[in-house]
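Here the structure comes first, spelled out in structure tokens, and everything after it is commentary.
Letters A, B, ... are given to chains in the order of the sequence lines, protein chains preceding strands, and every chain is numbered from 1.
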Protein chains: 2
Amino acid sequence: MKKRLSIADIAEALNISKTSVSFILNGQAEEKRISKKLVDKVVQYVEEVGYKPNLLAKSLRTGKSNTIALMVEDISNPFFASIARLIEDRAYQNGYRITYCSTDNDTAKTKDMIGIFQDRHVDGYIIAPPEGIEDDILSLQKNNLPVVLFDRYLQHADTDYVITDNKAGTHQATNMLAKNGYKKIAFITFANPQVQMRDRLQGYLDAIKQNNLEHFVAEVLFSRNDQDITKPILDFLNQHKQLDAVVFGTNHVGACGLKAIQQLGLKVPDDLAVISFDDYDVFQLHSPPVTAIAQPIQQIANQVINLLLNKLNGATDILQTQQIVIPGQLHIRSSSAAKIS
Amino acid sequence: MKKRLSIADIAEALNISKTSVSFILNGQAEEKRISKKLVDKVVQYVEEVGYKPNLLAKSLRTGKSNTIALMVEDISNPFFASIARLIEDRAYQNGYRITYCSTDNDTAKTKDMIGIFQDRHVDGYIIAPPEGIEDDILSLQKNNLPVVLFDRYLQHADTDYVITDNKAGTHQATNMLAKNGYKKIAFITFANPQVQMRDRLQGYLDAIKQNNLEHFVAEVLFSRNDQDITKPILDFLNQHKQLDAVVFGTNHVGACGLKAIQQLGLKVPDDLAVISFDDYDVFQLHSPPVTAIAQPIQQIANQVINLLLNKLNGATDILQTQQIVIPGQLHIRSSSAAKIS
DNA sequence: ATGAAAGCGCTAACAC
DNA sequence: GTGTTAGCGCTTTCAT
């Protein structure tokens, strides 16, 4: 276990100063007019002995850590996992590493984590924010740290964000069910006061109203145990036998809802038509395949990382915010086929 | 944007030395016999002005970054995403942060990433290793950096690892199909020379041999585009109409395989029985539900993080390795029901 | 019981 | 063109 070489070691070995080495290694040889010969010598020696700079020291000195914090609700949720993957790729391409955490939508935990990331001098933040985190976000911005929110935004904070057009998504979906002849359409979602969930609910309600239908809304509490989600859905469906269609507010609720439907032995779409927010494998492969409002994951990830990189490299002012709303895509499958009756 | 306070600032404000502050903040007041009064004063002041230590500086000085690198094949794969989530929780509880990357099973990329993590003085590594990474792993160990592998191991390197008993898993699954009356059982998997995949194949082959059956093996190339996976499976199934059952080597192949089966209009299990390695939502919700060899994710994650934490806090010697093999669990569902014929 | 001071490895302003 | 040097903020030995 040999001691790691430092810039001083290589300067000494070559009988030159640390400065020259530093300049050369940072590609400033040109502008500092260091002789081509010396540059080559250093580069070759560095290569030879396998010198690797200590990035911690560099960060301490420069104040930049080349790290982006990614804070999602839950990395094991396929929506966030997919976004994470895409963001990771772009970040690495641009010389940034990702450090992440799952917030569980827990405000206190999130505040905590932001603190920890600040202590480590993370350069930028990508956050799917829980409620009540406005102050912390604003404080980051005040400290000149770029923040991009996604999946949801904070109503009382002027920040960059990228979201799907949630309201339009459920609106379109509910409308389609109505056009397809369904009369008793329910909306089942998580009890969640956040804006993206409120918007989805609102889109549903608007469509119900426009079609002069009755609304049925169930809100189930989030739990890390799927049983606790499936059960209340099952109860709700049992108590509302008149329903002929249901829109689920998230992929997770949708998956649990499908389990409930399966347990009840209901036939989709004959007994109950189904549409869910957030597309994923399960919906595609389900029999029958389930119609879903897909979030444009690729686009979201790209916009998010673009906004952040622009601020990180100074192309955009930190305080000049941009709000991006991307339409969802209704992937129509047979679970919402026109009612026969 | 006020400048961040340093330990010197607070020492100056209180008219004491940096040393005392440092001792107090690091809980060494007792053993350094610093007066209770001073401790209180400092703690209170720190609280009041909201001083936060610069972890970068601390890391530079101590050589510890309190960060664990998590290198998975692809964070958007539900198996890895779930493991990541569990590991993350335990790591944070123990004062460690996670920085992660997806390796895509690409050896060069992984080498690169290990280098980057080393530059940042990551304290420990959790890796689902690609082929040919032995030297890099051994070099980490030689530098006294704890490494725990999971999901697979390296045959020519003595390391800690935690894996599922892959061979027993496919063996049991194939055996069950045979017992259930299936005669032409295929194994479809990724073309992948890694030990976990070889083991799964071997378990299948062993069971086929024991039951005096004919073997049918298809290996498809990995691609980030599902189309490229589904297509060859479809072709294979088309060319082997005699098959009455199939075992898929991974959840991803399984999901694509189900798509192919759907496109061919085959009925499961009447036309073709199905079992897949790796359980997840899709298999549970599929109609009919798909039998799967579940990896004990919770156990894997726990064992992995336990091994690593033990080494990080010096409870175990770095060079004293431990290999943990956890049996998979066959989740029997109707896709593999006894053949009627 | 408390403080002075030497570094951890790097960058960059300044001097030659 | 190249070298000297003063920190970045923290820990820790040694002195008092």
task = Could you pick out which residue, B:N15 or B:T62, lies toward the 5' side of DNA chain C when each is mapped onto its nearest nucleotide?
result = B:N15
key: Rounded distance (Å) that lies between atom C1' of D:dG1 and atom NZ of A:K41   = 14 Å
ask   = Can you tell me if the side-chain N/O atoms of A:Y51 get under 4.0 Å from OP1 or OP2 in C:dG9?
value = no
task = Let me know the distance between CD of A:E31 and C1' of C:dA12, rounded to the nearest Å.
result = 11 Å
request  = Write down the distance between CG (A:N54) and C1' (D:dC8), rounded to a whole number of angstrom.
outcome  = 13 Å
query = Between C:dA4 atom P and B:I7 atom CD1, what is the distance in whole Å?
reply = 14 Å
Any donor-acceptor N/O pair, B:K311 side chain to B:I318 backbone, under 3.5 Å = yes
ask   = Does A:S22 have any side chain to side chain donor-acceptor pair (under 3.5 Å) partners at least two apart in sequence or in another chain, and if so, which?
value = A:N26
Base D:dG7 to side chain A:R61, donor-acceptor N/O within 3.5 Å cut-off = yes
remark   = Separation of D:dT11 atom P from A:L60 atom CG, nearest Å, is 12 Å
task = Could you tell me whether A:K32 contacts a base, only the sugar-phosphate backbone, or nothing, with contacts defined as non-hydrogen atoms closer than 4.0 Å?
result = base
ask   = Which whole-number value in Å describes the distance from B:K52 NZ to D:dC8 C1'?
value = 19 Å
Please tabulate, for side-chain N and O atoms in residues 67-74 of chain B, each donor-acceptor pair with protein atoms closer than 3.5 Å (sequence neighbours left out).
from, atom 1, to, atom 2, distance (Å)
B:T67, OG1, A:R120, NH1, 3.0
B:T67, OG1, B:S65, O, 3.0
B:E73, OE1, B:N105, ND2, 3.4
B:E73, OE1, B:R152, NH2, 2.7
B:D74, OD1, A:R85, NH1, 2.9
B:D74, OD1, B:S76, N, 2.9
B:D74, OD1, B:S76, OG, 2.9
B:D74, OD2, B:S76, OG, 3.1

task = Using atom types as modelled and distance alone, determine if a side-chain donor or acceptor of A:D160 lies under 3.5 Å from a backbone N or O of A:Q322.
result = yes
query = Side chain of B:D9, backbone of B:L5: donor and acceptor closer than 3.5 Å?
reply = no
message = Counting only heavy atoms and a strict 4.0 angstrom limit, can you tell me which residues of residues 17-29 of chain B come near DNA chain D?
response = B:K18, B:T19, B:S22, B:F23, B:N26
ask   = What nucleic acid atoms does B:L55 come within less than 4.0 Å of, heavy atoms only: base, sugar-phosphate, or nothing?
value = nothing
note = To the nearest angstrom, the CD1-P distance between B:I34 and D:dT12 comes to 14 Å
ask   = Can you find a side-chain donor-acceptor pair between A:N66 and A:R97 that sits under 3.5 Å?
value = no
task = May I have the distance from B:D119 (atom CG) to C:dG9 (atom C1'), rounded to whole angstrom?
result = 13 Å
query = Out of D:dG9, C:dG3, C:dT11, which has the shortest distance to the side chain of B:I16?
reply = C:dG3
message = Using 0.5 Å steps for rounding, measure from the CD1 atom of B:I305 to the CD1 atom of B:I83.
response = 11.0 Å
